[in-house]
Asks: 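This structure is in C-alpha cells; I'll ask about it shortly.
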Amino acid sequence: MPSPDKLFTLDPVQTQLSETVNQVVAQKSVNTATRDAQVAGALGRFSTALGSLAEVKKQQRIREDTRIAENAAVRNEVMPGGLLPVAQQAYRDVIDINTSNRVDNEIKTWLSGDEIKAIVNDPDTSSEIKNNKINAHLDGLYVSASESIQNPNVLLGLKTKIDVHKVDTMKDVYEVEKNLSYGVALQSVSGQVSSIFNQNEIDP
C-alpha cells in the first residue's frame, strides 16, 4: 500500500496573482451626458409649466380682486380687506372718478342756475369782474375736489372739464356784453335820428 502522500497527487496550478503588475488601466466612467441633458430638459419644462400655472393663477386673482374692489367702490362701500395692492388702487381710482363726476355735475347744475344767469346778465358789472367771479367759484370747487382725488390723471381730467366750462361761460359773458353794447349803439342812433327829425320838424 502506497504512503498517504502518494495517494493524492496535486497537479501544479499556474497563477499570476503573485506576479508584478506592470500596467494598470483605470475603468472608464459611464457617459451620462445624454441622460443628464434629458433630465435637465425635463426639469426645465416642468419648471416652465409651474411658472405658467402660477402666472395664470396670479392673473386670475388680480382680475377677481379688481372686480370685487371696483364693485365695492361703485356701491360706495368700504374697501374689502385682503385685496392685492393693484385691486386696492383700482378701488381708489373708482372713488376718484366718482368724486370727479360728482364735482362736474355740481358745476353744470350751478352754471345752469339762476345765480350764474344773474351774474352773466348783470348790465352794471364789467365782463372782467363777471369772469373773475365765476372763475373763482370754479377754482374753489376744483381745490376742494383735489383734496380727496389722489389719482393725478383723474384730477387732470377734472381740471380740463373745468377749463372748458370757464371758456364756455366767458363766451356767454362776452355775448351779453356785445348785445348790451349793440343795444346802446342802437339807442344812440335812435336818439340821433329822433333829434334830426325834431330839428327839421319832419314827421317820423
Side-chain angles (χ1 to χ4, degrees), residues 55-194:
E55 183 62 26
V56 168
K57 291 293 185 183
K58 178 182 174 184
Q59 293 301 324
Q60 287 176 346
R61 172 84 190 276
I62 289 174
R63 284 194 297 271
E64 182 64 18
D65 279 13
T66 302
R67 183 186 62 78
I68 292 171
E70 290 176 344
N71 286 338
V74 168
R75 294 186 178 95
N76 205 22
E77 298 172 353
V78 177
M79 181 171 59
L83 297 178
L84 293 173
V86 66
Q88 295 175 19
Q89 184 60 49
Y91 176 89
R92 290 189 290 268
D93 289 344
V94 172
I95 293 295
D96 287 348
I97 291 170
N98 287 344
T99 302
S100 173
N101 290 337
R102 178 180 52 77
V103 171
D104 187 50
N105 288 334
E106 288 177 8
I107 291 172
K108 289 177 181 176
T109 301
W110 184 72
L111 290 176
S112 61
D114 293 336
E115 180 183 355
I116 193 70
K117 288 177 183 176
I119 294 173
V120 171
N121 295 319
D122 183 6
D124 300 325
T125 305
S126 68
S127 296
E128 182 179 0
I129 294 175
K130 292 177 185 178
N131 288 329
N132 289 340
K133 188 182 293 187
I134 293 169
N135 291 345
H137 182 79
L138 295 179
D139 288 339
L141 291 174
Y142 173 76
V143 169
S144 176
S146 66
E147 293 175 355
S148 59
I149 295 177
Q150 300 175 0
N151 188 310
N153 293 327
V154 175
L155 197 58
L156 180 61
L158 177 61
K159 180 72 168 64
T160 302
K161 291 178 183 178
I162 290 176
D163 288 342
V164 171
H165 291 314
K166 286 181 179 180
V167 170
D168 290 341
T169 307
M170 287 173 67
K171 289 178 182 177
D172 294 340
V173 168
Y174 290 128
E175 186 68 24
V176 169
E177 180 185 31
K178 184 177 72 173
N179 291 339
L180 286 174
S181 62
Y182 182 70
V184 169
L186 281 181
Q187 281 184 339
S188 174
V189 170
S190 174
Q192 290 174 3
V193 170
S194 298

Asks: For a quick test of reading the model, state the closest non-hydrogen atom pair linking Leu83 to Gln88 and the distance between them.
Replies: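 Residues Leu83 and Gln88, closest heavy atoms: O-NE2, 2.8 Å.
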Asks: Apply the test side chain to side chain contact (heavy atoms under 4.5 Å, CB included) to residues Lys130 and Val176: give CA-CA distance (whole Å), side-chain angles for both, the deciding distance (0.1 Å), then the verdict.
Replies: CA-CA 11 Å; Lys130 292 177 185 178; Val176 169; 4.1 Å; yes
Asks: To the nearest 0.5 Å, what is the distance between CD1 on Ile95 and CG on Asn76?
Replies: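 Between Ile95 CD1 and Asn76 CG, I get 5.5 Å after rounding to 0.5 Å.
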Asks: Can Ile134 and Val173 be said to form a side chain to side chain contact (heavy atoms under 4.5 Å, CB included), step by step?
Replies: CA-CA 10 Å; Ile134 293 169; Val173 168; 4.2 Å; yes
Asks: Please report the closest heavy-atom contact between Ala87 and Ala69, naming both atoms and the distance.
Replies: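 Result for this residue pair: O-CB, 3.2 Å.
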Asks: Between Asp139 and Lys166, is the side chain to side chain contact (heavy atoms under 4.5 Å, CB included) condition met? List the steps.
Replies: CA-CA 10 Å; Asp139 288 339; Lys166 286 181 179 180; 2.5 Å; yes
Asks: I'd like to check Asn132 versus His137 (side-chain heavy atoms, cut-off strictly below 4.5 Å). Are they in contact?
Replies: no
Asks: To the nearest 0.5 Å, how far apart are CD in Glu175 and OG in Ser127?
Replies: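 Taking CD in Glu175 and OG in Ser127, the distance rounds to 11.0 Å.
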Asks: Any ion pair linking Arg102 and Glu106 (charged N to carboxylate O, less than 4.0 Å)?
Replies: yes
Asks: Distance-only criterion, 3.5 Å: show the donor-acceptor pairs between side-chain atoms of residues 141-153 and protein atoms not counting sequence neighbours.
Replies:
unit_1 : atom_1 : unit_2 : atom_2 : d
Ser146 : OG     : Tyr142 : O      : 3.4
Ser146 : OG     : Val143 : O      : 2.7
Ser148 : OG     : Ala145 : O      : 3.2
Asn151 : OD1    : Asn153 : N      : 2.8
Asn151 : OD1    : Val154 : N      : 3.4
Asn151 : ND2    : Asp93  : OD1    : 2.8

Asks: Side chains of Tyr91 and Thr66: does their closest heavy-atom pair fall under 4.5 Å?
Replies: no
Asks: Strictly below 4.0 Å, N to O, side chains only: are Lys159 and Asp163 in salt-bridge contact?
Replies: yes
Asks: Quick one, Asp104 with His165, criterion side chain to side chain contact (heavy atoms under 4.5 Å, CB included). Give me CA distance, side-chain angles, the key distance, then yes/no.
Replies: CA-CA 9 Å; Asp104 187 50; His165 291 314; 2.9 Å; yes
Asks: Going from OG1 on Thr160 to CG on Leu155, what distance comes out if it is rounded to the nearest 0.5 angstrom?
Replies: 9.5 Å
Asks: Hey, could you give me the CD/CG distance between Glu70 and Asp65, rounded to the nearest 0.5 Å?
Replies: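 One finds 11.0 Å between CD of Glu70 and CG of Asp65.
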Asks: For Asn131 and Met170, work out which heavy atoms get closest and say how close.
Replies: OD1-CG, 3.5 Å
Asks: Heavy-atom distance under 4.5 Å between the side chains of Glu177 and Tyr174, does that happen here?
Replies: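 Yes - at least one pair of side-chain heavy atoms lies under 4.5 Å apart.
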Asks: Report the distance from atom OG1 of Thr169 to atom NZ of Lys133, rounding to the nearest 0.5 Å.
Replies: 14.0 Å
Asks: Would you mind telling me which of Ile162, Val167, Asp168 makes a side chain to side chain contact (heavy atoms under 4.5 Å, CB included) with Val164?
Replies: Asp168
Asks: Which pair of heavy atoms, one from Leu111 and one from Ile116, lies closest together, and at what distance?
Replies: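 The pair with the smallest heavy-atom distance is O-CG2, 2.8 Å.
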Asks: Taking everything shown except Asp114 itself, do over 12 heavy atoms lie less than 6.0 Å from its CG?
Replies: no
Asks: Can you tell if the side chain of Ile129 reaches within under 4.5 Å of the side chain of Asp122, non-hydrogen atoms only?
Replies: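 Not touching, per the 4.5 Å side-chain cut-off.
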Asks: Applying side-chain hydrogen bond (donor to acceptor under 3.5 Å, both in side chains) between Glu64 and each of Arg67, Gln60, Arg61, report the one that passes.
Replies: Arg67
